[in-house]
Enquirer: 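Structure provided below as structure tokens; questions to follow.
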Amino acid sequence: MKLKFINKKKLFIILFFLITGCKKNNPIMFENFQALRCESNMEEKNNYDYVFNKNTGYLYFYDQIKDKFVLLSERYEGGFFSERSIEFYSELRNNKLFITTIEYKNNFSNKDRKIKQIINLKRLSKKTFEIIENKNYFISNSKCFWIDPKLGIKY
């Protein structure tokens, strides 16, 4: 009898640690906004944050001074709207965030560069592709986790 009790107790402890240890990071909501941080597995080891509207998939950033979310395409930098040579658009489909970025010609390159990122919101992973002549070429795969849209921290 005593042996069965010890085995049940050990089993309960093991199951408890498995359940709590394998608990998945859940999305942190603020109004209609969610945010992810995706780690780069490239040499530079950067992290990229994506704040998006959970209904549309449009990308935003949080303006701490005005205490509001602003479309990323309307980012205000240094007193002037930035004249960036990068265009992007994003959308949300089937629990995936699709982000397409176009880097237009600059002084160092004579070619426009088109990058597509697909973030799977269920698996918390990001795949990055370069699009050349309408063909997708795989660049990298990254892990992601949910962060607070306003504070940029993980809970």
Side-chain angles (χ1 to χ4, degrees), residues 16-155:
F16 175 76
F17 282 113
L18 282 174
I19 291 170
T20 57
C22 296
K23 183 179 156 189
K24 203 164 194 178
N25 182 2
N26 292 321
I28 301 165
M29 294 281 299
F30 186 82
E31 296 172 357
N32 288 331
F33 299 99
Q34 295 177 322
L36 284 166
R37 177 168 293 147
C38 297
E39 300 169 344
S40 171
N41 61 358
M42 305 292 277
E43 289 179 13
E44 66 268 4
K45 298 289 182 195
N46 291 330
N47 292 323
Y48 300 96
D49 293 350
Y50 302 94
V51 178
F52 62 96
N53 182 304
K54 71 175 185 114
N55 299 318
T56 63
Y58 294 163
L59 296 176
Y60 285 78
F61 76 99
Y62 178 68
D63 185 337
Q64 292 180 343
I65 295 170
K66 294 180 181 177
D67 190 30
K68 71 176 194 173
F69 289 92
V70 179
L71 274 169
L72 192 59
S73 60
E74 297 177 8
R75 187 175 184 133
Y76 192 77
E77 294 180 12
F80 303 95
F81 283 98
S82 63
E83 292 289 331
R84 298 176 3 167
S85 61
I86 297 174
E87 180 182 333
F88 65 90
Y89 55 94
S90 60
E91 66 179 327
L92 194 59
R93 285 185 280 139
N94 301 326
N95 260 340
K96 293 181 182 176
L97 182 62
F98 293 86
I99 304 167
T100 303
T101 307
I102 303 169
E103 298 176 13
Y104 291 105
K105 297 177 189 176
N106 58 32
N107 296 339
F108 306 109
S109 172
N110 291 329
K111 290 184 172 183
D112 295 340
R113 187 169 187 219
K114 193 172 184 180
I115 303 293
K116 179 169 69 173
Q117 299 172 64
I118 302 170
I119 302 175
N120 187 319
L121 302 177
K122 284 190 175 186
R123 293 186 181 153
L124 296 178
S125 64
K126 177 181 84 168
K127 291 187 179 188
T128 304
F129 301 89
E130 183 170 7
I131 302 171
I132 302 172
E133 297 177 3
N134 294 325
K135 293 182 183 175
N136 292 337
Y137 294 93
F138 179 77
I139 295 175
S140 67
N141 195 17
S142 309
K143 293 180 184 178
C144 303
F145 53 90
W146 295 107
I147 59 173
D148 185 292
K150 287 178 90 174
L151 303 176
I153 58 175
K154 181 180 175 181
Y155 286 109

Enquirer: If you take all heavy atoms of C144 and S125, which pair is closest and at what distance?
Expert: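 Minimum heavy-atom contact is SG-C, 4.0 Å.
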
Enquirer: Does the side chain of W146 reach to within under 4.5 Å of the side chain of L124, using non-hydrogen atoms?
Expert: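 Result yes, sub-4.5 Å side-chain heavy-atom pair found.
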
Enquirer: Looking at NZ of K114 and CD of E87, how far apart are the two atoms once the value is rounded to the nearest 0.5 Å?
Expert: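 Spacing of NZ (K114) from CD (E87) equals 9.5 Å.
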
Enquirer: Hey, what do you get for CD (E91) to CG (L97), rounding to the nearest 0.5 Å?
Expert: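 Answer for the CD-CG pair, E91 versus L97, is 9.0 Å.
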
Enquirer: Enumerate, atom names and distances included, each donor-acceptor pair closer than 3.5 Å involving a side-chain atom of residues 52-61, sequence neighbours excluded.
Expert:
unit_1	atom_1	unit_2	atom_2	d
N53	OD1	N55	N	2.7
N53	OD1	T56	N	3.3
T56	OG1	Y58	N	3.1

Enquirer: How far does CG of L121 sit from OH of Y50, to the nearest 0.5 angstrom?
Expert: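 Going from the CG atom of L121 to the OH atom of Y50 covers 12.0 Å.
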
Enquirer: What are the two closest non-hydrogen atoms of K126 and T128, and how far apart are they?
Expert: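 Smallest heavy-atom distance, with atoms named: CE-OG1, 3.7 Å.
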
Enquirer: If you measure from OG1 on T101 to CZ on R113, what distance do you get to the nearest 0.5 Å?
Expert: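 One gets 10.0 Å once the value is rounded to the nearest 0.5 Å.
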
Enquirer: Rounded to the nearest 0.5 Å, how far apart are CD1 of I118 and CG of N136?
Expert: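 Rounded to the nearest 0.5 Å, the CD1-CG separation comes to 7.0 Å.
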
Enquirer: Measuring from atom CD1 of I131 to atom NZ of K116, what distance do you get when rounded to the nearest 0.5 angstrom?
Expert: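 Between I131 CD1 and K116 NZ, I get 5.0 Å after rounding to 0.5 Å.
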
Enquirer: With a 4.5 Å cut-off on side-chain heavy atoms, are N32 and F69 touching?
Expert: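 Contact flag for F69/N32 side chains = no.
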
Enquirer: When you look at K127 and Q117, which way does the side-chain contact (heavy atoms from CB on, under 4.5 Å) test go after all the steps?
Expert: CA-CA 6 Å; K127 291 187 179 188; Q117 299 172 64; over 6 Å; no

Enquirer: With K150 as reference, evaluate I147, I153, D148 under the side chain to side chain contact (heavy atoms under 4.5 Å, CB included) test and give the passing residue.
Expert: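 Single pass found, and it is D148.
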
Enquirer: Under the side-chain contact (heavy atoms from CB on, under 4.5 Å) rule, what do F88 and I115 come out as? Steps first, then yes or no, please.
Expert: CA-CA 9 Å; F88 65 90; I115 303 293; over 6 Å; no

Enquirer: What residues form a side chain to side chain donor-acceptor pair (under 3.5 Å) with D63, not counting sequence neighbours?
Expert: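 Result, side chain to side chain donor-acceptor pair (under 3.5 Å) vs D63: none returned.
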
